[in-house]
Amino acid sequence: MSGSKKPDEIKTPFLDELEKGPWPSFVKDLKNLSKKKPAVKQLLQQVEQSYEKRINYWTGTVINMDGYGGGVIARYSDLGDKFPEAAQFHTIRIIEPSGWIYSTAALRELCDISEKHSAGILQFHGMTGDILMLGSNNEQTFEAGEALMEKGWDIGGSGPALRTLACCVGPARCEMSCFDTLGLTKYLTDTFISELHRPELPYKYKFKISGCANDCACSIQRSDMPIIGTWRDKIQVNQEEVGKFIDKRGKGFVTENVIKRCPTQCMTLKDRSIEIDDANCVHCMHCINVMHKALAPGKDRGVTILLGGKRTLKVGDTMGSVLVPFMKMETKEDWEKLTDLVRRIWEFWGDNGLEHERVGEFIDRIGLGTFVEAVGLEPDPRMVRQPRSNPYIKFEEYTRPRMAGESKKMPSVMDKELEDKEKTF
Amino acid sequence: MSDTKKKQKAPRDNGAPDYKKYLHPLMAKNYGKWKYHEPIRPGVFVHVAESGDSLYTVRAGSPRTMSVDTVRKVCTIADKYCQGHLRFTSRCNIEFLLSKKEDIEPLIKEIHDVLGFPVGGTGPSISNILHTQGWLHCNLPGTDAAGAVKALMDVLYEDFVNERFPQRVKISTSCCQINCGGQADIAINLQHHKPPKINHQKMQICELPKVVAICPVAAIRPIKKDGKDSLEVIEEKCMYCGACHGQCPSMEIRDPDTDTLSIWVGGKASSTRNGPSFMKLATYGIPNNPPRWPEVAVAVRKILDAYRNSAKPYERIGEWIDRIGWKRFFDVTGFPFTKYHIDSYRFARTTFNNSTQVRL
C-alpha cells in the first residue's frame, strides 16, 4: 500500500448501529479487520459517508489481467483524496468449485492470498455464483491474480462474455438430482474457458444448472441457459413407504397436500397406495418433495434445457422457455452434443444479435420459431403454453430470407445421430 | 502497471477447480447414491445413502461479506467437526457437513459461541436474504445491501431459527432497478422517481451511441450542448429504469432526496406445482432510511403475518395470493391499492381481469 499516513480514529455512528442485534454483523467483522488493514478502515469511513448522505462514491472502470478480457470489477473511489488507501478498491471474481463445496485447505489458500494481496475481504458468493475477493489496488490486483492462478484457481467472467457457471449440490448430497450437475458445470466451464475470459458475444451469457425442477440454482429466472434435471419414464413408487406415510399423516393430509396439489391432477389415492398417470406427469417434483421416502424420480433421466432468462436491466425480467424438452446427459457424447448446440446458438446470436442484447431479448426480436429453426431444432409444442391465437403469420416459404451465418439445413440436436459433426467448429 | 505485467508467470485458463478434491468423504463415497433426507430440527437435516451412510448437515446464516479471520474461524470449526469440508448454499448460508450425529450439538454451540452465527434457514423458515454490493462496492446503488440485510435479519432472526411458516420464504434486496438481488417471495428494491440528471460537462467520457441504444423506450437523443456532443432525455418517455446510468455515469439516475423503496411479493424460482412466477408490486414509497430502515421491517412483517395466518401448508406467498385474490391481499395487509399498481408497461393488458370472476 502506498502512503503510510495514519488515518484518524474511526468514527462511524451510522454503521455502529449495525453492530447491534442478533444477526452476524459485517460491520463488526470489518472493524476488527480494519485494525490491520488501513484500506478497510477507509472503506468503512466512505460507507459511513454514504449512509449519512445516501450517496454512493464508487465509479466503475475496466482493469484486465494480461490475456484476459474480464474477471476484475474495478472501482475507484470518488473520495480518493479523502480516503487514499481505498482510492482503488477492486474485486476479483474467482471461479468457484461446482456446488460451492470446499475443503478448508482451499478456503485457507484463498484467505492467505486475500490477506497478502488484497484487503482481506471475501464474499461467498456473488449472485452469479463466483467467489469475490474485495479490495485490491491496481498493482495488488495483478499480484493477487497471479497468486491465484499459480495455485490453480482461475478468475471469472465479466462484460459481454460467458459468465461463471453455477449449479446445485446435485448428486454430491441430494437424492433428487437427475444428473451430474457438478460434473457438467466443470465440463462446460473448462470447455468454454476462452469464451468465459475473452468477451466476444453480443452480451453476457449465463448457465445455471439444477438437478431437478426444484431448481435450487434459480436457473429459469437467473440464467440465459437453464439446464434442469428430469426423467421420462415413471416416477419410482415405493408403495410400502406410501402406506407408512398415509398411516402417519392421514389420508386427508395426502389428499390436500399431494393429490390436489399436482398441477396435472395425475395422481389417485387408493387405500394405502398411490396410482400415477405418468404420461400426464410434468415432473414438477412437488409430490416427491412431500413424500421423499416413498417417491423418487424415474430411472431414465436427462435434462430439460431452456433459454432466455435474465433479470430486470433494460427490458424487464424474462424467464427462460423450453428449447429442448428432453436430452440425455450421462455420457461424454451427451455433453458434447450440448456444447454443439451452445456453439450453434452463439454463432447465430453472435452474427445477428445487437450489442447489449441478451439471447432472450434477441429471441423476442426475431421470434422463437425463426430461432429454433436457425439453430437446428425442430419446433415442439412443449416449447409453448399454446399455439398462437392471432393470424399474423409470415409464411416463410414466400417471404423469409435466410439469416446471415445460417446454413440451409442444420443438424437437429434431438436426432439420435448427430450429423455434420465437423461443421464450423 | 506495465512493470507488473512483465512479472506474469502463472498459467492462464486453469478452468474450474476440481470439485472432486473438495467433496466430504461421505459425499465422494455416496455420490449419486443418496436415498432420502429428513429434517432433524430447524437448521439440521440428514441425508441417508443406499449404503446406509448418514451425512448430517448443519446450516448457519452468514453475513456473506466476511473477513479472512472469520473465514479461518469457520475453517477451524470445520476441521474439528467436518473432516475439513463444508459448503455454501445459493442463499449464502454455510453448511457444515458431519458424519457423526453426536457432533451436532457441540458444533451448534461452537457456531454460536465462536462465530455468532445463527443455525436455521431450512424448510418453512425465512432463509438468508439475497443481496449484492450496495454502497460497499457497487457503482450504481441508491441504497445499501449488506446493511439493509443485517437490519432486516435482526428483526426476522426468530423466523430464521424456527420453521413456523406454511412454506419456505425467500427474501431479496436490490439497490437499484437492475434488481440483481433476484426474484423472491418478498423483495425490497430501490425505486427511482425521476429521469436521469445529465452532466453535460462529463458526457464525453461515455460512448454516446451506446447510451442512446440502451434505452428500452427510445427516450434518449443526441444534442449539442455548449458546442460539445451530449444527450438529452425525453422526460415523458423515460420510465426511470436506469439502464443508461449503467452505461454512462454522467446519466445520474439516483437522487438521495426522492429515491424510495418498493416491496414486491410472489416471486418463485422452482418449477414445482404451478411453475416459476415473477413478483408483483405490493407497496411503494417506503423511505430509504439508513442505517436500519425500520419502515421496511414494518411492511415486511405485515405481509408475513397475513401469510402465516391464512396460507395452506406448502403454499408459497405467490400461490397463497393466487388463491385468496389480490383484493384480499390488500385488505389483510392494509396496503392501499392505487393506480400505480396497475401495469402500464409492455403486455399490461395480459394482467387485467378479462372475466366476471370477481370476489365480492
Side-chain angles (χ1 to χ4, degrees), chain A residues 14 17-18 21-24 26 29 33 47 50-51 54-56 58 60 66-67 95 97-98 100-104 107 111 114-115 120 122-124 127 142 146 149-150 152 154 171-173 175 182 186 189-190 193 213-215 218 220-221 257 263 284-286 292-293 311-315, chain B residues 4-5 8 10-17 19 22-23 27 31-32 34-36 47 63-68 70-72 75 78-79 84-85 87-88 116-117 132 135 139 141 146-147 150 153-154 157 178-180 183 214 216 243 249 256 269-273 276 278 290-292 313-314:
Chain A
F14 275 90
E17 284 298 313
L18 295 174
W23 190 257
F26 72 102
D29 192 16
L33 181 65
V47 174
S50 287
Y51 267 68
R54 280 176 283 159
I55 291 174
N56 183 58
W58 298 111
D66 191 39
I95 300 177
S98 298
W100 299 298
I101 303 164
Y102 293 86
S103 68
T104 51
L107 288 174
C111 288
S114 171
E115 183 160 27
L122 293 167
Q123 291 177 326
F124 297 97
M127 289 301 98
F142 291 99
E146 292 297 326
M149 290 182 219
E150 201 68 59
D154 203 349
R173 198 205 53 197
E175 72 276 17
L182 283 72
K186 175 155 173 63
T189 306
D190 295 351
I193 197 71
N214 283 318
D215 197 3
C218 297
I220 295 179
Q221 292 168 342
N257 296 298
C284 89
M285 293 298 294
H286 174 75
H292 42 66
K293 265 187 175 173
R311 291 280 10 241
T312 315
L313 178 62
K314 213 161 69 174
V315 299
Chain B
T4 322
K5 283 197 173 180
Q8 277 169 12
R12 292 296 190 262
D13 289 349
N14 286 324
Y19 61 93
Y22 302 149
L23 298 176
M27 284 177 158
Y31 196 87
W34 296 100
K35 212 166 147 195
Y36 65 91
H47 284 82
R64 189 177 91 107
T65 302
M66 288 183 279
S67 71
V68 289
T70 297
V71 178
R72 285 180 185 132
C75 290
D79 283 339
H85 297 273
R87 80 174 285 264
F88 294 84
F117 290 0
T132 52
W135 286 327
N139 57 331
K150 156 71 180 155
M153 282 313 287
D154 277 341
Y157 187 89
I178 292 173
N179 292 346
C180 57
Q183 291 284 336
I214 204 168
S270 83
S271 289
T272 49
R273 300 179 297 281
F278 284 145
R292 285 218 159 255
Y314 300 104

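Order of the sequence lines sets the chain letters (A, B, ...), proteins ahead of strands, with each chain counted from 1.
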Please state whether the rings of A:F124 and B:F88 are parallel, tilted or perpendicular, taking 30° and 60° as the class boundaries.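 Ring orientation of A:F124 relative to B:F88: parallel.
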Could you tell me which of [options] has the largest number of non-hydrogen atom pairs under 4.5 Å with chain B?
options	value
A:E150, A:K186, A:E17, A:E115	A:K186
A:A213, A:S103, A:P22, A:P263	A:P22
A:I55, A:L182, A:N257	A:L182
A:L122, A:I220, A:I95	A:L122
A:C218, A:S114, A:S98, A:G67	A:S98
A:I101, A:I193, A:L107, A:V315	A:I101

I need the residue from [options] with the largest number of non-hydrogen atom pairs under 4.5 Å to chain A.
options	result
B:H85, B:K35, B:R273, B:R292	B:R273
B:P141, B:A78, B:P249	B:P141
B:Y19, B:W34, B:F278, B:W135	B:W135
B:R64, B:M153, B:R72	B:R64

Apply side chain to side chain contact (heavy atoms under 4.5 Å, CB included) to the pair A:R311 and B:I178, showing each step before the final yes or no. CA-CA 7 Å; A:R311 291 280 10 241; B:I178 292 173; 5.7 Å; no
How would you list, by chain and number, every residue that makes a side chain to side chain donor-acceptor pair (under 3.5 Å) with B:Y157, sequence neighbours excluded?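 In terms of side chain to side chain donor-acceptor pair (under 3.5 Å), with neighbours along the sequence ignored, B:Y157 is linked to no residue.
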Under the rule for side chain to side chain donor-acceptor pair (under 3.5 Å), what residues qualify as partners of A:Q221, not counting sequence neighbours?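 Per chain and number, A:Q221 pairs via side chain to side chain donor-acceptor pair (under 3.5 Å) with no residue.
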Please round to the nearest 0.5 Å and tell me the distance separating atom OH of A:Y102 and atom SG of B:C75.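 These two atoms lie 11.0 Å from each other.
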Interatomic spacing from CD in A:E175 to NE2 in B:H47 - rounded to 0.5 Å: 5.0 Å
Mark yes or no for whether A:D29, through its side chain, and B:M66, through its backbone, hold a donor-acceptor pair below 3.5 Å.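 Answer holds: no.
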Would the distance check show the side chain of A:D190 and the main-chain N or O of B:A16 forming a donor-acceptor pair, the cut-off being under 3.5 Å?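 Present.
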Is a side-chain donor-acceptor pair under 3.5 Å present for A:D215 with B:S271?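 There is no such pair between these side chains.
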Need one label for A:L18: side chain, backbone, both or neither, based on atoms under 4.5 Å from any heavy atom in chain B.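 For A:L18, the contact with chain B is made by backbone and side chain together.
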Please classify the contact of A:T189 with chain B as side chain, backbone, both or neither, using a heavy-atom distance under 4.5 Å. side chain
Less than 4.5 Å to any heavy atom of chain A: does that hold for the side chain of B:T65, its backbone, both, or neither?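 Both the backbone and the side chain of B:T65 come within 4.5 Å of chain A.
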